[in-house]
Amino acid sequence: MLTRRYQRLLLSPGDLTPSRPDFEVIGAFNPAAVRHDGDVLLLVRVAERPAERRAGMIGLPRWAPGQGLAVDWLGADEVELTDPRVVRVKATGLIRLTFWSYLRLIRCGDGRSLREVTTTMFGPEHLWEEYGVEDPRLTRIGDRVYFTYVAVSRHGVVTALASTTDFRTFERHGILFCPENKDVVLFPERIAGAYAAVHRPVAAQKFSRPEMWLARSDDLLHWGRHQPLLGGREAWENERVGAGPPPILTDRGWVLLYHGSRPSGRLGVVGTYANSALLLDRNDPARILARSAEALISPEADFELQGFVPGVVFPTGTVETDNDGLLIYYGAADTGTAVMEVSKSELLAALG
Ligand code: MAN
């Protein structure tokens with residue numbers, strides 16, 4: 001386990017006002033992070049559900065083109081609860097989320113505390129984003145800051161790209177990876193002439209372990225030259241793996257933090273999410289130079305062990321500090337946003 005030199009819960013659902021008075025905020029988590037004009041900025045995923053309770057019914061939110069936020073009220077007997085996040089509609093066999101998500105800009109000053117919850121929002125604008133936009137990862141490339149994000153809709157779970165220079169206006173670049181693919185992180189520079197990304201396709205036919213893949217692109221929009229990177233093989237990562245924050249360049253190569261989950265073994269209970277790291281070749285990140293088979297960060301603090309989805313530590317952003325420090329921003333229990341500071345040399349040493 002990595003030593004946590006510093007740790008703090010930065011943001012809880014109660015710190016935010018809902019986007020509409022008839023909704024309630026249930027999560028402010030999975031933050032992207034970047035240093036910008038001397039401030040640490042986070043793009044936090046905010047999850048909301050209808051505040052109203054109707055006896056024997058469940059309200060499923062959805063963003064509708066030309067209409068905005070809408071709620072589909074279904075009878076409790078028309079759906080099956082899968083886990084706290086998901087229901088299956090019996091008539092269609094299709095799943096829906098019990099909340100919708102959008103992104104909110106948060107200022108953190110030196111990165112260790114909450115400075116301002118801004119009014120800047122990035123929300124659904126297309127049908128393929130109707131159940132929300134989630135889990136951004138920010139990467140500065142040249143003079144723009146890019147972020148990948150997950151978009152969820154009746155068409156499935158995709159990863160799309162947007163960018164900004166000022167964190168006031170955002171340009172959308174469309175879908176990069178079709179269903180089902182999430183946990184996409186961009187490397188901050190061209191490597192051997194091409195941009196590179198780690199992505200996480202989900203296979204319907206289980207020939208493989210859960211895997212992360214690497215892809216290359218000449219323009220950040222068209223991705224090809226796909227290669228498998230790593231399949232989760234240890235017990236703590238045998239259900240899912242996925243990239244955490246964008247890779248960090250060190251003198252030994254790229255360090256990629258990633259999450260893994262194990263099945264809980266209990267129906268309707270999500271398994272524990274822990275994290276480890278890979279060291280990737282600086283000039284060919286498809287080559288793994290070292291890895292830790294053990295989880296390096298696992299749920300420990302109360303706010304990681306308890307919440308909407310208990311037992312989840314989900315890092316999605318980092319900022320480097322002086323004195324060998326790395327601030328890791330993460331979602332805690334799909335409820336709050338927290339930061340921990342670890343030592344970069346301790347992290348590298350853990351990779352062997
Ligand atoms: C999983 C979880 C949820 C997320 C959906 C869709 O169920 O990660 O938080 O909303 O996938 O991406």
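Atoms within a ligand are numbered from 1 in the order they appear, just like the ligands themselves.
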A.B. asks: Relative to each other, are the rings of F170 and F147 parallel, tilted or perpendicular (30° and 60° limits)?
C.D. replies: perpendicular

A.B. asks: Can you pull out the closest protein heavy atom to atom 9 (O) of ligand 1? Residue, atom name and distance to 0.1 Å, please.
C.D. replies: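 Answer for atom 9 (O) of ligand 1: R45 NH2, 3.1 Å.
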
A.B. asks: If you take all heavy atoms of A277 and V255, which pair is closest and at what distance?
C.D. replies: CB-CG1, 4.3 Å

A.B. asks: Note the single closest protein heavy atom to atom 2 (C) of ligand 1, along with its residue, its atom name and the distance in Å.
C.D. replies: R85 NH1, 3.4 Å

A.B. asks: What is the closest protein heavy atom to atom 10 (O) of ligand 1, and at what distance does it sit?
C.D. replies: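 The closest heavy atom on the protein side is E134 OE2, 2.6 Å.
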
A.B. asks: Between V309 and ligand 1, which residue portion shows a heavy-atom distance shorter than 4.0 Å: side chain, backbone, both, or neither?
C.D. replies: neither

A.B. asks: Kindly say whether the aromatic ring centers of Y149 and F122 come within a distance under 6.0 Å.
C.D. replies: yes

A.B. asks: One residue to check: F99. Relative to ligand 1, which of side chain, backbone, both or neither has a non-hydrogen atom less than 4.0 Å away?
C.D. replies: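 Near ligand 1, F99 shows its side chain, while the N, CA, C and O stay back.
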
A.B. asks: Should the pair R190 and Y195 be classed as cation-pi, given the thresholds of under 6.0 Å to the six-membered ring centre and 45° from the axis?
C.D. replies: yes

A.B. asks: Provide, to 0.1 Å, the distance between atom 5 (C) of ligand 1 and the closest protein heavy atom, together with that atom's residue and name.
C.D. replies: K182 NZ, 3.6 Å

A.B. asks: Numbering the atoms of ligand 1 from 1, which are under 4.0 Å from a heavy atom of V152?
C.D. replies: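 Checking each atom against V152, I get 6 (C), 12 (O).
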
A.B. asks: Is the backbone N or O of G27 less than 3.5 Å from a side-chain atom of T335, with the two atoms forming a donor-acceptor pair by type?
C.D. replies: no

A.B. asks: Counting only N and O atoms by type, is there a donor-acceptor contact under 3.5 Å from the side chain of R137 to the main-chain atoms of G244?
C.D. replies: yes

A.B. asks: Does an N or O anywhere in D135 fall below 3.5 Å from an N or O of ligand 1?
C.D. replies: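 Checking ligand 1 against D135, no N or O pair falls under 3.5 Å apart.
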
